[in-house]
Q: 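My structure is below; once you've seen it, I'll send some questions.
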Amino acid sequence: MNFYKILTSIITIIYVCYIFTYPSSFYNDDSLFLAKGIDNFSIIDFSPHFPGYVSIVLLGKFLNIFLNDNKESLFILTALCGALTPLVVFAYIKKLKDDKTAFVAFLLTISSVYILNISLSMLSESVGLFFFFLGLYFFEVGKYKSSGTIFSIAFFARPSYLIFYIVGLVYIYFFKKDALKDILLAFFFMAFIFLTYIFLSNGMLFIYEAKRFIFGHFTLWGTGQNSDISWVSNIFRYENIVYILLPLVFIKLDKKFLLIFILFISYFLWLIFAQNPENMRHLVPLSIFASILLSSVLVNYHKIIITIFVFNIYILFTYTNKHSPIDQIITEIKDEKKIVISNRSIEILRASIKNRVFDKYYINSSKYYFQNKKVYMITTIRPKEKKYKVFKGRFLGERDYYLIEN
C-alpha cells in the first residue's frame with residue numbers, strides 16, 4: 001500500500017468518525033418519508049414519495065434487519081455513502097490518471113462542505129453519488145457488467161440524476177462502444193428487479209403518481225416556481241470561492257477528464273433549468289465534478305491545494321449545531337395546548353409532538369389562528385416581529401428556522 005492510499009484511508013476513517021458524532025436528525029419531511037419507506041414501502045402514501053428511491057429502501061431494509069430502527073438504518077446508510085464518496089472518487093481518479101491527482105481530488109472533495117450536507121441530510125443524494133462514482137470506477141477498470149449493475153443501483157437511488165446516464169450512454173457509444181452491451185444488459189437486469197418490486201408493492205398506482213408528480217415538479221413546485229431564491233445567489237457565495245479557478249480547466253483540459261467535463265457542463269444546465277434553487281444540495285454533484293477537474297490542473301500547485309483545503313475545513317467548522325433546526329425547535333415546544341403553524345417539516349412535527357400542527361401554506365387559516373389563538377409560528381423566512389428565536393443549520397444548505405411564540 002503506497003503513501004497516498006494510507007493517507008487517504010486514515011483521513012477517511014477520521015471523517016467517518018466525525019460524521020458519526022452527529023445523531024440521526026431529519027433534514028425535512030422528505031427524509032422522514034424515506035425512513036418510513038424502509039418499514040412500509042408505499043409511494044402513493046409518500047413512504048417515500050415518487051419515484052420511490054427503491055434501491056435505498058431495499059438497502060435500508062437490509063440494515064434494518066439488524067437495527068430494527070428505520071431512522072437509524074437510513075442515517076447509517078446515507079451517512080456512510082456520503083462520507084465514503086471521496087474515497088471512491090480517489091479510486092476512480094487513480095485509475096483514470098494517477099495517485100497524486102487522485103489524492104488532490106480526494107482532498108478537495110472530502111473537505112467540501114457539500115459532502116457534510118449529503119452525509120447528514122438523510123436523503124438520496126449520498127447513495128446516488130456513491131454508487132455512481134463506484135460505477136465509474138468499475139467502468140474504468142474494465143468490469144462492465146459490474147459497472148452496469150452498480151449504475152442501476154445508483155439510478156434507482158437518485159433517478160433525478162438521469163442526465164448523468166444519458167450523457168454517459170452517449171460518451172460510451174462514441175468512445176467505448178465495446179462496453180455498451182455488457183453495461184446495458186446488467187443495468188436493465190437490475191432495473192427489471194427494482195421495477196418488479198415497485199409494481200408488486202404499489203401496482204398501477206405507481207404510474208398514476210408518476211404522472212402527477214412529474215407534472216407538478218415541472219409546472220408547480222419542482223423548479224423553484226414559487227421561490228424568491230435564485231441559482232445565481234446560491235452559486236456566487238463565498239463558500240464557493242475556490243471554484244473561481246475553474247476557468248483554468250477550460251484553458252487546459254486533460255482529455256482523460258473529458259467525461260467529467262461533459263458531466264459538469266450538462267449537469268450545470270440541468271441544474272439551472274430543472275432543479276429548485278431552494279435546495280442547495282442540488283449543487284453537490286457540481287462541486288464534486290468541479291473538484292475533480294480542478295485536481296487535474298492544480299496537482300503540482302501544492303500551496304494552492306493546501307490553501308483550498310484549509311479554507312474548506314474552516315468553513316466546515318463554522319457550523320456547530322449537531323441537530324437539525326426542526327429537531328432543535330421540537331425541544332422548545334413545551335406547551336402541548338398551543339397550535340403549531342409551520343412552513344416547513346409539517347410531517348416531522350406531527351410525528352414528534354402532541355400539538356395540533358397546521359401548514360402555513362394555507363394563508364387565511366394560518367393568519368386566523370395566529371391572531372386569535374396561542375400559537376408557535378415556525379418559518380424559514382426571517383420574521384418582521386422583533387421577538388423570535390433562531391435555530392441554525394448543521395451545514396451549508398440547511399436553512400435557518402425561526403420560532404415566534406404568542
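Worth saying up front: this structure is predicted, and the values here are computed from it rather than measured. Only heavy atoms go into these numbers, but all of them, side chains included; no hydrogens, no water, no symmetry mates.
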Q: Do F62 and F66 have ring centres separated by under 6.0 Å?
A: yes
Q: Please report the closest heavy-atom contact between I353 and V357, naming both atoms and the distance.
A: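 Shortest heavy-atom contact: CD1-CG2, 4.0 Å.
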Q: Has L269 got more than 12 heavy atoms of other residues, nucleotides or ligands less than 6.0 Å from its CG?
A: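 Correct, the count exceeds 12.
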Q: Around K100, counting heavy atoms of other residues, nucleotides and ligands shown, do more than 12 lie under 6.0 Å from its NZ?
A: yes
Q: Within a reach of under 6.0 Å around CZ of F199, are more than 12 heavy atoms found that belong to other residues, nucleotides or ligands?
A: yes
Q: Does the separation of the ring centres of Y92 and Y137 fall below 6.0 angstrom?
A: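 Centroid separation for Y92 and Y137: 6.0 Å or greater.
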Q: Looking only at non-hydrogen atoms, find the nearest pair between I348 and D29 and report the distance.
A: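 Scanning both residues, the minimum pair turns out to be N-OD1, 3.0 Å.
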Q: With T12, which of I14, T8, I10 fulfils side chain to side chain contact (heavy atoms under 4.5 Å, CB included)?
A: T8
Q: Please name all residues satisfying salt bridge (Lys or Arg N to Asp or Glu O under 4.0 Å) with K145, sequence neighbours left out, ordered by chain then number.
A: none
Q: Going by the salt bridge (Lys or Arg N to Asp or Glu O under 4.0 Å) test, name the single residue among K338, K389, K387 that passes it with E405.
A: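 Testing each of K338, K389, K387 against E405, the sole residue satisfying salt bridge (Lys or Arg N to Asp or Glu O under 4.0 Å) is K338.
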Q: Please evaluate residues F264 and F261 with respect to the criterion ring-ring contact (aromatic ring centres under 6.0 Å, His included), reporting the C-alpha separation (whole Å), side-chain torsions for both, the decisive distance (0.1 Å), and the verdict.
A: CA-CA 5 Å; F264 175 85; F261 181 77; 7.2 Å; no
Q: Do L293 and V297 come within less than 4.5 Å of each other through their side chains, counting heavy atoms only?
A: no
Q: Is the shortest heavy-atom distance from the side chain of P23 to the side chain of K322 under 4.5 Å?
A: yes
Q: Find out whether E398 and P325 are in side-chain contact, i.e. whether some heavy atom of one side chain is under 4.5 Å from a heavy atom of the other.
A: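 Yes, their side chains come closer than 4.5 Å.
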Q: Would a distance-only check, ignoring hydrogens and angles, find a side-chain to backbone donor-acceptor pair under 3.5 Å from N28 to D30?
A: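 Checked: pair present.
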Q: Rounded to the nearest 0.5 Å, how far does OG of S352 lie from CD of E347?
A: 10.5 Å
Q: Do F311 and V242 touch side chain to side chain, with heavy atoms closer than 4.5 Å?
A: yes
Q: Would E278 and R344 count as a salt bridge (charged side-chain N to carboxylate O under 4.0 Å, His left out) if you check the C-alpha gap in whole Å, the side-chain angles of each, and the deciding distance to 0.1 Å?
A: CA-CA 12 Å; E278 288 216 3; R344 289 288 191 279; 2.5 Å; yes
Q: Checking K71 against F26: charged group under 6.0 Å from the ring centre and within 45 degrees of the axis?
A: yes
Q: Parallel, tilted or perpendicular: which fits the ring planes of F289 and F132, with parallel below 30° and perpendicular above 60°?
A: perpendicular
Q: Within the 4.5 Å heavy-atom criterion, are F188 and S152 side-chain neighbours or not?
A: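 Contact flag for F188/S152 side chains = no.
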Q: Taking side chain as C-beta onward, heavy atoms only, is F257 less than 4.5 Å from T101?
A: yes
Q: First locate atom OG of S31, then atom CG of L120, and finally report the distance between them rounded to the nearest 0.5 Å.
A: 11.5 Å
Q: Considering all heavy atoms of both residues, which atom of E239 and which atom of L396 are nearest to each other, and what is their separation?
A: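 So the minimum-distance heavy-atom pair works out to OE2-CD1, 3.7 Å.
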Q: Which side-chain N or O atoms in residues 168-186 pair as donor and acceptor under 3.5 Å with protein atoms at least two apart or in another chain?
A:
| unit_1 | atom_1 | unit_2 | atom_2 | d |
| --- | --- | --- | --- | --- |
| Y173 | OH | K177 | NZ | 3.4 |

Q: Do Y53 and F33 have ring centres separated by under 6.0 Å?
A: no
Q: Before we go on, tell me: are the rings of F395 and Y114 under 6.0 Å apart, centre to centre?
A: no
Q: Only one of N312, I110, I19 forms a side chain to side chain contact (heavy atoms under 4.5 Å, CB included) with L116, so which one is it?
A: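 Answer after filtering N312, I110, I19: I19.
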Q: For the residue pair G82 and S119, what are the closest heavy atoms and their distance?
A: C-OG, 3.3 Å
Q: Got D254 and V249 here, is their nearest side-chain heavy-atom distance under 4.5 Å?
A: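 The answer is no, as the side chains (C-beta and beyond) never meet within the 4.5 Å cut-off.
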Q: Could you check whether any side-chain heavy atom of L136 comes within less than 4.5 Å of a side-chain heavy atom of V89, counting everything from C-beta outward?
A: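 Contact flag for L136/V89 side chains = no.
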Q: Does OH in Y388 sit with more than 12 non-hydrogen atoms of other residues, nucleotides or ligands closer than 6.0 Å?
A: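 Enclosed: over 12 neighbouring heavy atoms sit under 6.0 Å from OH of Y388.
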Q: Has N117 got a side-chain atom pairing as donor or acceptor with G397's backbone, closer than 3.5 angstrom?
A: no
Q: Please find the pair of heavy atoms, one from Y27 and one from S345, that lie closest to each other, and give the distance.
A: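 Closest heavy-atom pair between Y27 and S345: O-OG, 4.3 Å.
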Q: Begin with the C-alpha distance, continue with both residues' side-chain angles, and end with the deciding distance and a verdict on side chain to side chain contact (heavy atoms under 4.5 Å, CB included) for I292 and I93.
A: CA-CA 8 Å; I292 292 172; I93 302 303; 3.5 Å; yes
Q: Take a 6.0 Å sphere around CZ of F268 and say whether it holds more than 12 heavy atoms from other residues, nucleotides or ligands.
A: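 No, CZ of F268 has 12 or fewer neighbouring heavy atoms, counting only those of other groups under 6.0 Å.
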Q: Indicate the ring-plane relationship of F194 and F156, choosing parallel, tilted or perpendicular according to the 30° and 60° boundaries.
A: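 If you compare the ring of F194 with that of F156, the planes turn out tilted.
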Q: Which value, rounded to the nearest 0.5 Å, describes the distance between I272 atom CD1 and W270 atom CH2?
A: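 Between I272 CD1 and W270 CH2, I get 13.0 Å after rounding to 0.5 Å.
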Q: Identify the heavy atoms of G135 and S147 that sit nearest to each other, and give their distance.
A: O-OG, 2.9 Å
Q: Should we say atom CD1 of I241 is surrounded by more than 12 heavy atoms from elsewhere, each under 6.0 Å from it?
A: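 Check fails, neighbour count at 12 or below.
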Q: Would you indicate whether I363, at its atom CD1, is surrounded by more than 12 heavy atoms from other residues, nucleotides or ligands within a distance under 6.0 Å?
A: no
Q: Under the ring-ring contact (aromatic ring centres under 6.0 Å, His included) criterion, do Y197 and F41 qualify, and how do the steps go?
A: CA-CA 10 Å; Y197 181 77; F41 181 58; 5.4 Å; yes
Q: Report the C-alpha distance between Y267 and V167 in whole Å, list the side-chain angles of each, state the deciding distance to 0.1 Å, and finish with yes or no for side chain to side chain contact (heavy atoms under 4.5 Å, CB included).
A: CA-CA 9 Å; Y267 183 74; V167 169; over 6 Å; no
Q: Is the centre of the F50 ring less than 6.0 Å from the centre of the F206 ring?
A: yes
Q: Would you please classify the geometry between the F106 ring and the F90 ring as parallel, tilted or perpendicular, with 30° and 60° separating the classes?
A: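 F90 vs F106 ring planes: perpendicular.
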Q: With under 30° as parallel and over 60° as perpendicular, where do the rings of F20 and F75 fit, or are they tilted in between?
A: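 Geometry flag for F75 against F20: perpendicular rings.
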Q: Students often mix this up, so state it plainly: with edges at 30° and 60°, are the rings of Y4 and F103 parallel, tilted or perpendicular?
A: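 It falls in the tilted class, 30° to 60°.
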